[in-house]
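Encoded as structure tokens, the structure appears first; notes follow it.
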Protein chains: 2
Amino acid sequence: MTRSPIDIDRLFHALGDPTRRAILDLLNHGPTSVTRLAGPLGITVTAVAQHLLILEDCDLVRTEKIGRVRTCRIEPSGFAVLEKWIKAHRSHWESALDRLGDALAEDEGLG
Amino acid sequence: MTRSPIDIDRLFHALGDPTRRAILDLLNHGPTSVTRLAGPLGITVTAVAQHLLILEDCDLVRTEKIGRVRTCRIEPSGFAVLEKWIKAHRSHWESALDRLGDALAEDEGLG
DNA sequence: ACGACACTGAAGTAGTTGCTTCACTATGTC
DNA sequence: GACATAGTGAAGCAACTACTTCAGTGTCGT
């Protein structure tokens with residue numbers, strides 16, 4: 001339904017930050033709380049909460065607050081969008097490889 | 001280990017900008033010059049050159065200056081790094097799907 | 001040689017980002 | 001009820017980003 005470029009824009013932007021990828025790595029070991037994320041990352045819970053908003057916004061993470069604890073976990077649908085983008089572009093850079101081969105065969109003639 | 005090198009950091013950051021992805025889209029139609037990129041993008045050649053430095057830095061684009069014209073083309077190796085990162089992380093969010101399916105089923109659209 | 005062309009380098013700027021601190025609410029425990 | 005715990009909201013700040021303009025440098029056509 002959402003095939004706008006804004007989707008992939010937010011997705012790449014979210015993944016472009018090392019702290020956010022570190023959060024994803026931590027969540028790969030299983031769901032955990034905001035405070036338990038902040039510890040190993042060496043930043044405040046406020047900072048983690050801000051990152052989580054961004055990660056949730058592009059469906060890389062899903063969070064659910066039960067009582068006073070917000071439990072965070074990996075949300076696969078965001079990654080699916082990423083894979084879709086790559087799949088859509090793979091043919092192009094594969095053909096770039098072919099073109100390189102052609103260029104090597106014909107050597108020159110570009111302008 | 002899946003400890004992210006600086007490589008993937010620059011890669012995601014490069015792809016996080018819509019103008020840079022637009023440059024890649026233009027280059028998908030074949031190699032072209034800096035000036036010919038600047039036109040459809042509606043920005044100055046200086047801005048394009050700055051983007052190209054970033055794209056070259058993470059091997060998404062390769063450029064070659066012949067005479068006074070710098071010819072830019074898709075460089076597949078950067079995309080290969082991206083695919084490698086995804087391949088390394090896919091199992092994690094697939095197991096997240098399993099965990100989710102085991103826990104409960106909220107309605108969420110996944111194509 | 002001269003001017004048009006393609007690009008480069010430096011410097012500046014408005015807007016964004018990642019993080020902080022402080023004050024606050026809501027929940028669990030005694 | 002009192003206190004600690006878990007997280008939220010607002011405001012502020014230093015660093016960064018994407019662009020610009022202006023002044024070059026090198027190259028091509030005539």
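Below, read A as the first sequence line, B as the second, and so on, with proteins coming before strands; counting in each chain starts at 1.
Using bins of under 30°, 30° to 60° and over 60° for the plane-to-plane angle, the ring pair F12(A)/F12(B) lands in the tilted bin.
The base of dT8(D) is not paired with the side chain of Q50(A) by any donor and acceptor separated by under 3.5 Å.
Of all nucleotides listed (dG7(D), dT8(D), dA6(C)), dG7(D) comes nearest to the side chain of T35(A).
Nucleic acid contact class of R20(A) (heavy atoms, under 4.0 Å, all strands): sugar-phosphate only.
Legend: residues meeting side-chain hydrogen bond (donor to acceptor under 3.5 Å, both in side chains) with S77(B), ordered by chain and number and at least two apart, are E75(B). Contacts of D57(A) classified as salt bridge (charged side-chain N to carboxylate O under 4.0 Å, His left out), with partners at least two apart in sequence or in another chain: R10(A). Partners of Q50(B) by side-chain hydrogen bond (donor to acceptor under 3.5 Å, both in side chains), not counting sequence neighbours: none found.
Within the 3.5 Å criterion, the main-chain N or O of L15(B) finds no donor-acceptor partner in the side chain of R20(B).
Of the residues in residues 39-48 of chain A, those lying under 4.0 Å from DNA chain C by heavy-atom distance are I43(A), T44(A), T46(A), A47(A).
Considering CD1 of I74(A) and CG of D25(A), their distance stands at 8.0 Å, rounded to 0.5 Å. Rounded to the nearest 0.5 angstrom, E83(B) CD and R90(B) CZ are separated by 8.0 Å.
Axis angle across the helix from dA1(C)-dT30(D) to dC30(C)-dG1(D), with five pairs used at each end and values rounded to 10°: 30°.
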Problem - Nucleotide-resolved protein contact map, nucleotides 25-30 of chain D, B/S/- at heavy-atom distance under 4.0 Å - result: -BBS--

